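Written below as structure tokens is the structure these notes are about.
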2 protein chains.
Amino acid sequence: MTFDRAGYDKYAYEPFAVTVDLAVLTVRDGALQVLLVERGQEPYAGHWALPGGFVEPHESAETAARRELAEETGLADVTGLHLEQLRTYSEPGRDPRMRVVSVAFTALLPHAPEPQAGTDAAQASWLPYDSAGPLAFDHDRILADAHERVGAKLEYTCLATAFCPPEFTLGELQRVYETVWGTTLDRPNFRRKVLATPGFVDPVPGGARLTGGRGKPAAVYRAGPATALHPPLLRPSREGRPA
Amino acid sequence: MTFDRAGYDKYAYEPFAVTVDLAVLTVRDGALQVLLVERGQEPYAGHWALPGGFVEPHESAETAARRELAEETGLADVTGLHLEQLRTYSEPGRDPRMRVVSVAFTALLPHAPEPQAGTDAAQASWLPYDSAGPLAFDHDRILADAHERVGAKLEYTCLATAFCPPEFTLGELQRVYETVWGTTLDRPNFRRKVLATPGFVDPVPGGARLTGGRGKPAAVYRAGPATALHPPLLRPSREGRPA
DNA sequence: CTGTTTATAGTCGTGATGACCATTAACAGG
DNA sequence: CCTGTTAATGGTCATCACGACTATAAACAG
């Protein structure tokens with residue numbers, strides 16, 4: 001225990017607060033939406049912010065993120081859903097009050113229940129990604145990073161099914177891609193690619209969903225066991241993309 | 001991140017130490033090597049560990065990582081080299097003494113000068129990735145994560161040039177891919193792909209390097225302005241890869 | 001019954017890719 | 001000097017993935 005005792009003391013009186021921030025995305029009403037809370041206190045009182053909170057002494061950042069997600073959304077089942085560490089934001093001054101290092105996570109939800117405001121927030125709500133105005137702190141950047149990450153992961157992983165309910169049609173899956181990427185895709189080609197990737201989606205034996213409305217009934221699929229896409233499903237018409 | 005004053009007080013007396021850990025990789029002697037330091041104190045005295053250290057109050061994790069890298073390697077020029085945030089490790093108990101949250105970074109070096117041991121370490125040295133035995137703390141996992149990340153980024157970015165000196169041959173570049181991936185690549189096909197990607201490498205006008213030994217002299221290239229690879233240069237013979 | 005909407009099933013040309021083969025230019029060693 | 005080895009470079013060829021496109025089927029709206 002001789003190791004770095006000086007370091008311990010040095011930083012003991014200038015501690016870092018460690019928090020998690022959550023960029024929770026869903027596809028609702030054909031639009032990419034993000035879970036936001038309205039801040040009740042200064043700074044940024046009245047501004048929207050990403051949900052999040054302190055990491056408690058006994059838990060990892062992942063555990064804290066999952067706990068906060070359950071608290072903020074009122075979801076009972078947060079064990080199975082997709083939660084991924086995005087990156088850590090540690091710029092001095094990102095919180096005007098004290099030194100806060102925040103580990104950001106991205107979560108994807110399929111059906112998107114209406115959230116109830118937690119204890120710390122004036123209200124919580126889903127807001128469209130595009131009209132999620134200036135957020136508190138550096139949350140605009142975190143949200144943009146999350147969007148970019150999710151968009152990139154759709155290309156080479158089976159992540160898109162995390163936006164879908166347990167059973168879905170290829171049209172719904174395609175709308176996920178189109179919504180996150182902000183593009184339109186050719187339906188037959190999308191279909192060909194998805195079905196050509198073994199383990200991406202599995203057909204539900206007896207199922208053909210009446211979409212409730214127009215069009216021919218679509219076959220129903222479930223998420224398959226695969227996690228990676230080979231070959232990838234690339235976004236159209238881009239020459240260079242960020243590294 | 002909707003904390004209030006109560007949160008401040010609650011965690012002020014149980015602070016988190018925030019550190020950075022560095023997975024510094026290079027290609028030397030045809031092998032992937034990693035920069036390690038031998039710990040001088042308990043715990044894990046005598047074990048190898050990734051270099052790293054505390055984030056100071058005034059600096060971001062990125063700044064701290066760059067500073068630690070300069071200190072550990074004795075490199076004067078750490079401004080231009082590739083440094084990327086890997087992820088943050090926050091499991092309780094990952095350091096037996098206290099609660100330490102560590103932001104891990106990956107750095108890639110081309111020529112690999114011999115490091116000099118810093119103040120905290122008994123010695124510092126390059127070790128082959130494969131024989132980097134059990135490391136201190138959870139550094140084995142961090143190192144494996146870094147390897148996987150770098151391998152994946154070679155596929156769709158121009159990152160490989162970060163392993164090469166300012167001027168290099170296509171053979172050297174190919175050896176980077178083969179070393180990191182642990183595979184062999186077809187030379188003409190590799191050549192075709194690299195040269196077909198505009199901005200990946202630029203030919204040096206007058207240059208043809210005598211490799212000092214066998215074989216026909218190779219043309220010399222510099223890293224080009226591109227950062228992304230379109231289409232990607234995929235690892236051979238893999239059905240599914242981790243997400 | 002007609003138009004609209006969506007799902008599904010193809011076709012076709014282009015281009016990327018993997019598996020090869022051939023040639024060139026250096027050196028090593030007899 | 002000649003020959004074998006090594007590495008760089010240039011090329012072929014069949015296969016396959018992909019984008020663009022057309023066609024058909026099955027539902028509903030009016």
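A, B, ... follow the sequence lines: proteins, then strands. Residue 1 opens every chain. These numbers were taken from a predicted model, which means no experiment stands behind them.
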Taking atom [atom2] of [N] as reference, at what distance in whole Å does atom [atom1] of [X] sit?
X	N	atom1	atom2	answer
A:Phe168	C:dA7	CZ	P	13 Å
A:Leu173	C:dT6	CG	P	17 Å
A:Leu229	D:dA17	CG	C1'	13 Å
A:Glu155	D:dA17	CD	C1'	16 Å
A:Phe190	D:dA17	CZ	C1'	16 Å
B:Arg191	C:dT23	CZ	P	17 Å
A:Leu170	C:dT5	CG	P	21 Å
A:Asp186	C:dA7	CG	P	13 Å

Item to check | Base D:dG19 paired with A:Arg192 side chain (donor-acceptor, <3.5 Å) | outcome: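 Pair found.
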Checklist entry - Taking all non-hydrogen atoms of both residues, which atom of A:Ser90 and which atom of B:Glu62 are closest, and how far apart? => result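 Answer, listing the atom of A:Ser90 first, then B:Glu62: OG-OE1, 3.7 Å.
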Next on the checklist: Please confirm whether the shortest side-chain N or O distance from B:Lys216 to OP1 or OP2 of D:dT6 is below 4.0 Å.
Outcome noted: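 Negative; the distance criterion is not met.
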Checklist entry - Reckon B:Arg214 has a side-chain N or O less than 4.0 Å from the OP1 or OP2 of C:dA28? => result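 For B:Arg214, the contact criterion (side-chain N or O under 4.0 Å from OP1 or OP2 of C:dA28) is not met.
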Checklist entry - Considering heavy-atom distances to DNA chain C, does A:Tyr221 or B:Asn189 have its closest nucleotide positioned more toward the 5' end? => result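 The residue mapped nearer the 5' terminus is A:Tyr221.
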Next on the checklist: Closer than 4.0 angstrom, basic N to acidic O: yes or no for B:Arg141 and B:Asp145?
Outcome noted: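 The answer is yes: the pair qualifies as a salt bridge.
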Next on the checklist: Tell me whether A:Arg222 is salt-bridged to A:Asp202, with the criterion being a basic N under 4.0 Å from an acidic carboxylate O.
Outcome noted: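 Looking at A:Arg222 and A:Asp202, the cut-off is not met.
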Checklist entry - Between C:dA25, C:dA16, D:dT9, which nucleotide gets closest to the side-chain atoms of B:Pro188? => result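 So the nucleotide nearest the side chain must be D:dT9.
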Next on the checklist: At 4.0 Å (heavy atoms only), tell me whether A:Ala219 reaches a base, stays on the sugar-phosphate, or touches nothing.
Outcome noted: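 Touches sugar-phosphate only.
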Next on the checklist: Aromatic contact between A:Tyr177 and A:Phe190, with the criterion being ring centroids under 6.0 Å apart: yes or no?
Outcome noted: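 Aromatic pair counts; centres sit under 6.0 Å.
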Checklist entry - Atom CG in A:Leu195, atom OH in A:Tyr221: separation rounded to 0.5 Å? => result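 One finds 4.5 Å between CG of A:Leu195 and OH of A:Tyr221.
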